[in-house]
Q: 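Next up is a structure, given as structure tokens.
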Amino acid sequence: MEKYAPHEIEKKWQQKWAEEDACRTEMDPKKEKYYVLEMFPYPSGNLHMGHVRNYSIGDVLARYKRMAGYNVIHPMGFDAFGMPAENAAISHGVRPADWTYSNIENMTRQQKEMGLSYDWDREVETCRPDYYRWTQWLFELFYKRGLAYKKEASVNWCDTCGTVLANEQVIEGRCWRCDSEVHKKQLSQWFLKITDYADELLKDLALLPGWPERVKIMQDNWIGRSEGLEFSLDVPALGEKIPVYTTRPDTAFGVTFLALAAEHPLVAKICENNPKADEIKAFCEKARNQSEMERTSSESEKEGIFTGLSCVNPFNGKEVQIWVTNYVLAEYGTGAVMGVPASDQRDWMFATKYGIPKILTIQPPGRTLSLDEMTEAYVEKEGSLINSGRFDGMEMHDAIKAIIDEAEAKGFGKRRVNYRLRDWLISRQRYWGAPIPIIHCEKCGPVLVPEEDLPVKLPENVKFEQGAVSPLAQCEDFVRCTCPKCGGPAHRETDTMDTFICSSWYYLRYTDAHNDQAPFDKDKANYWAPVDQYIGGIEHAILHLLYSRFFTKVLRDAGLVNFDEPFTNLLTQGMVIKDGGKMSKSKGNVVSPEEIIAKYGADTARLFILFAAPPERDLEWSDQGVEGAFRFLARVWRIVLPFAEIVKAAADHYDVSALTKEEKELRRILHVTIAKVTEDIEQRFTFNTAISAVMELVNAFYPFQDKEGVNPGLVREVVLSLVKLLAPFAPHITEELWSHVGEGSVHAQPWPGYDEAAMAQDEVEIVLQINGKVRDRITVPAGLDKQAAEKAALGQPRVQQYTDGKTIVKVIAVPDKLVNIVVK
RNA sequence: GCCGAAGUGGCGGAAUUGGCAGACGCACUUGACUCAAAAUCAAGCGGUUUAACCACCGUGCCGGUUCGAGUCCGGCCUUCGGCACCA
């Protein structure tokens, strides 16, 4: 017998599969489909262990589902636009396209070396004109539906990347990609109106029982729905009204000031003819220059300036001072807030600092607060109203309703729902992205590039320089054009789209990757999509996973797809860590997949990574664990091959009743294993326990290699099942072994079924407990009833020893498990 | 501050419905094979105690429910992750 030599085997079968197009799938409405998708990678140049883990999990599912009889689509592609390509252009002078395509080539080679069962014919690369043509087409669709607009706004700007960022891409005030501090800039930018779908995006989380709870909670928090009252306060001196939003209308009688955001539009008018105008303007300027971190940290100082003006609280007619502050957010609600120091901690701190009065309007149940003794605001949502005129004594939740009703009845306010979610800022002042297909005409304003002129291709004659403005804006040939509407001189939009747009619809393009008439054919998309099982990192919990949901809903409303949600089930895999931390170049703890595959082969790499931890948890890399996985595969090799002749000669059907006791036990273990592996893959995704079950089967089978005259029918059953059970995890070695024992490809075999009857035991060991402590074990016939088990237990000498001279209070018997005797 | 997840041998982990804690693997120890080593095969492997059996202790901590708790309930502690002036 030859030794297990993974490299020859793997290369051989990878070639064969490629030649035979083994993973190619076609739409077939008669067959039930299954869509397995792993998040497509950014072409950084090399696969890392996180990719290996992601793809190994997906490949097990894809291969299993194929064997289970589904028409499986399992595609791969590249999320190929983005900053690093442009940075390479700046620092190394390579063209972003060349850099990207050579990385894709290398990573594709690495993916192929892993033996992943992708239908490469469906591959998409988002930076190719035949893909971004349709990204642009979809932008136009959004535009026509009123979901894309350009507006001047205070936006997040990253100096290092030289571009604006979406809210979702700012993490603790820093850029998600380069970690440099983000600051606000007033710019005119393109947005997608995701807020139009805020309510549905929130509500439909309920349609996703197959998503991890924490991802749904994160999206829920991010959307941040709140219900409350919007009402206006008159400013008699200006003849204006200031609308405010509050979730605590019950505290409306406690308002002692009105707080405006420094960016509030009314600030300019307040400054007209105002003796404090210079001071106010200086304050606003200072607030605007504070970093995101300084302004949004809850610990930072609340500052403000009195405008000298007042407005009127419509609920009680009282005058309240108008202040401009640094802690009210311009973008949320109305950019103005009613200040209630007694019921809001921020307002409390602000009022204390500036000597603004406080009025207590809520008393908690069971105790009496007084302002003199309070050191902080009472913010609990419990209690009843005081100092609130006609609402005094009312329970606060009832008061919320009553007060909103009154505001609506009197016409100065209305019920309102607010979201934390903001519209998606999609403009990027960068080159390597899909150009926004808009032409700016002096006469006609912004005009869509006609559909037949798409794609708006990226020009190639551009310069890349550190710190320069977008290369596209400097490219005269690109910028200058004529208006499609009036034919007059015009200029192109030079911003490109956020790459998250490209990745918001790629899973649909896979269903019809070569279509040059439409982004995808409706029937094909509706057959294959939604994705049945999506697998990827938790880092996309909000970003990509929220954007894709938004896209899907818009496409549904446009009649392009007939489902509400893109990803029916989601599995968020844990990180691969080593020495307690995430693998990273800076920590120097990186293990390269290429090295591992070169040393042990892809099957070992896959098996280790699937065995070391359940998919959702972080996985600690262990070089010795990899050795163990390799040893196991070699063990399988050694147990299967010597039986090849027997297996080939034996018949499929054999007389089970003729098996010896040991043989029968082996067959029992086999069927238990099949059931266990099937359940673990199908329902729990616990590949670690599935693999351990196969190891136990191999351990049970091992002694049989030395035995004479083992039943050939049983040997055949065990060997063929074993190879099939392991096939999704280690596709190459199993294919090689299959070529010695079976016909065709193992991956085209039906998944083995199990026989409940074979799983049954004749005898079982039960535990005998005295007061819950295990004192003995006995073997009894399976299915022995309670009385008989009890009797057998009480007859045991060890049991008698413990019960002797004591009173038996109670006996609990659980058939096939235990007998517990309670004594006193 | 709010929300969430987790805490089990030397290590990764298992115990799916409240019923034998530690499956499987790694590491380690011993034996076989070998001139020797590696590989392989066989056996052992939570702690205290013991020649051995036995016994006692043991799933972050304190308490509760139960014949029986890693699992359920109440109260903490620690670690990690997310959100964080959203009115």
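Numbered from 1 within each chain, the chains take letters A, B, ... in sequence-line order.
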Q: Do A:Phe643 and A:Phe701 have ring centres separated by under 6.0 Å?
A: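 Ring-ring flag for A:Phe643/A:Phe701: true, centres closer than 6.0 Å.
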Q: How far does the P atom of B:G60 sit from the matching atom of B:C11, given to the nearest Å?
A: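 Per the computed distance, 13 Å lies between those P atoms.
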Q: Can you give me the N/O atom pairs linking the protein to nucleotides 38-40 of chain B at distances under 3.5 Å, or say none if there are none?
A:
unit_1: B:U40; atom_1: O3'; unit_2: A:Arg638; atom_2: NH2; d: 3.2

Q: Grab the CD-P distance between A:Glu616 and B:A6 for me, whole Å please.
A: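 My rounded result for the distance is 10 Å.
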Q: Sequence neighbours excluded, which residues qualify as salt bridge (charged side-chain N to carboxylate O under 4.0 Å, His left out) partners of A:Asp680?
A: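 Testing A:Asp680 for salt bridge (charged side-chain N to carboxylate O under 4.0 Å, His left out), a comparison that skips the adjacent residues, returns A:Lys676, A:Arg684.
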Q: Are A:Phe729 and A:Phe611 close enough that their ring centres sit under 6.0 Å apart?
A: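 Centroid separation for A:Phe729 and A:Phe611: 6.0 Å or greater.
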Q: Applying a 3.5 Å limit to both distances, which nucleotide forms a Watson-Crick or G-U wobble pair with B:A55?
A: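 Here B:A55 is engaged in a pair, and the nucleotide opposite it is B:U48.
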Q: Would you check, one step at a time, whether the test side chain to side chain contact (heavy atoms under 4.5 Å, CB included) holds for A:Asn771 with A:Lys773?
A: CA-CA 6 Å; A:Asn771 292 344; A:Lys773 280 187 197 272; 5.9 Å; no
Q: Apply salt bridge (charged side-chain N to carboxylate O under 4.0 Å, His left out) to A:Glu679 and list each qualifying residue two or more places apart in sequence or on a separate chain.
A: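 For A:Glu679, no residue satisfies salt bridge (charged side-chain N to carboxylate O under 4.0 Å, His left out) once neighbours in sequence are set aside.
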Q: Need the pair for B:C11. Rule: Watson-Crick or G-U wobble, both distances under 3.5 Å, any strand; none if unpaired.
A: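 B:C11 is paired with B:G25.
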Q: Show me the protein contacts with nucleotides 13-15 of chain B, counting only N or O atoms at under 3.5 Å.
A:
unit_1: B:G13; atom_1: O3'; unit_2: A:Asn688; atom_2: ND2; d: 3.4
unit_1: B:A14; atom_1: OP1; unit_2: A:Asn688; atom_2: ND2; d: 3.1
unit_1: B:A14; atom_1: OP2; unit_2: A:Arg617; atom_2: NH2; d: 2.7
unit_1: B:A15; atom_1: OP1; unit_2: A:Arg684; atom_2: NH1; d: 3.3
unit_1: B:A15; atom_1: OP1; unit_2: A:Arg684; atom_2: NH2; d: 3.1

Q: Checking ring pair (Phe, Tyr, Trp, His ring centres under 6.0 Å) for the pair A:Phe257/A:Phe350: CA distance, chi angles, key distance, verdict?
A: CA-CA 10 Å; A:Phe257 66 98; A:Phe350 189 77; 5.2 Å; yes
Q: Name the residue closer to the 5' end of RNA chain B, choosing between A:Glu765 and A:Gln624 according to the nucleotide with the nearest heavy atom.
A: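 This one resolves to A:Glu765.
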Q: Does the side chain of A:Lys773 get closer than 4.0 angstrom to OP1 or OP2 of B:C57 through an N or O atom?
A: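 Result: yes.
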Q: Using a 4.0 Å heavy-atom cut-off, does A:Glu331 contact any base of the nucleic acid, only the sugar-phosphate backbone, or nothing at all?
A: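 No contact.
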Q: As a test of the definition: with a 90° window around 0 for syn, would you call B:G9 syn or anti?
A: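 For B:G9, whose glycosidic angle is within 90° of 0, the conformation is syn.
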Q: Once the angle between the rings of A:Tyr332 and A:Tyr245 is folded into 0 to 90°, is it parallel (under 30°), tilted (30 to 60°) or perpendicular (over 60°)?
A: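 Perpendicular, since the angle between the ring planes exceeds 60°.
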Q: Please name the nucleotide paired to B:C80 by Watson-Crick or G-U wobble geometry with both distances under 3.5 Å, or report none.
A: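 B:C80 is paired, partner B:G4.
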Q: Which residues in residues 808-824 of chain A have a heavy atom closer than 4.0 Å to any atom of RNA chain B?
A: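 Result for residues 808-824 of chain A: A:Lys810, A:Ile812, A:Val814, A:Lys817, A:Leu818, A:Asn820, A:Val822, sorted by number.
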Q: Using atom C1' in both nucleotides, what's the gap between B:C33 and B:G10 to the nearest angstrom?
A: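 Roughly 30 Å separates the two C1' atoms.
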Q: Can you name the atoms? Protein N/O to nucleotides 62-65 of chain B N/O, anything below 3.5 Å, with the distance.
A:
none

Q: May I ask you to say whether A:Arg422 pairs ionically with A:Glu331, meaning some side-chain N is under 4.0 Å from a carboxylate O?
A: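 A:Glu331 and A:Arg422: salt-bridged.
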Q: It should be established whether A:Tyr332 places a side-chain nitrogen or oxygen under 4.0 Å from OP1 or OP2 of nucleotide B:A87.
A: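 So the side-chain polar atoms of A:Tyr332 do come within 4.0 Å of the phosphate oxygens OP1 or OP2 of B:A87, strictly under.
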Q: Find the partner of B:A42: check Watson-Crick (N1-N3 plus N6-O4 or O6-N4) and G-U wobble (N1-O2, O6-N3) distances, both under 3.5 Å, and reply none if neither fits.
A: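 Answer to the pairing question: B:U30, which forms a Watson-Crick or G-U pair with B:A42.
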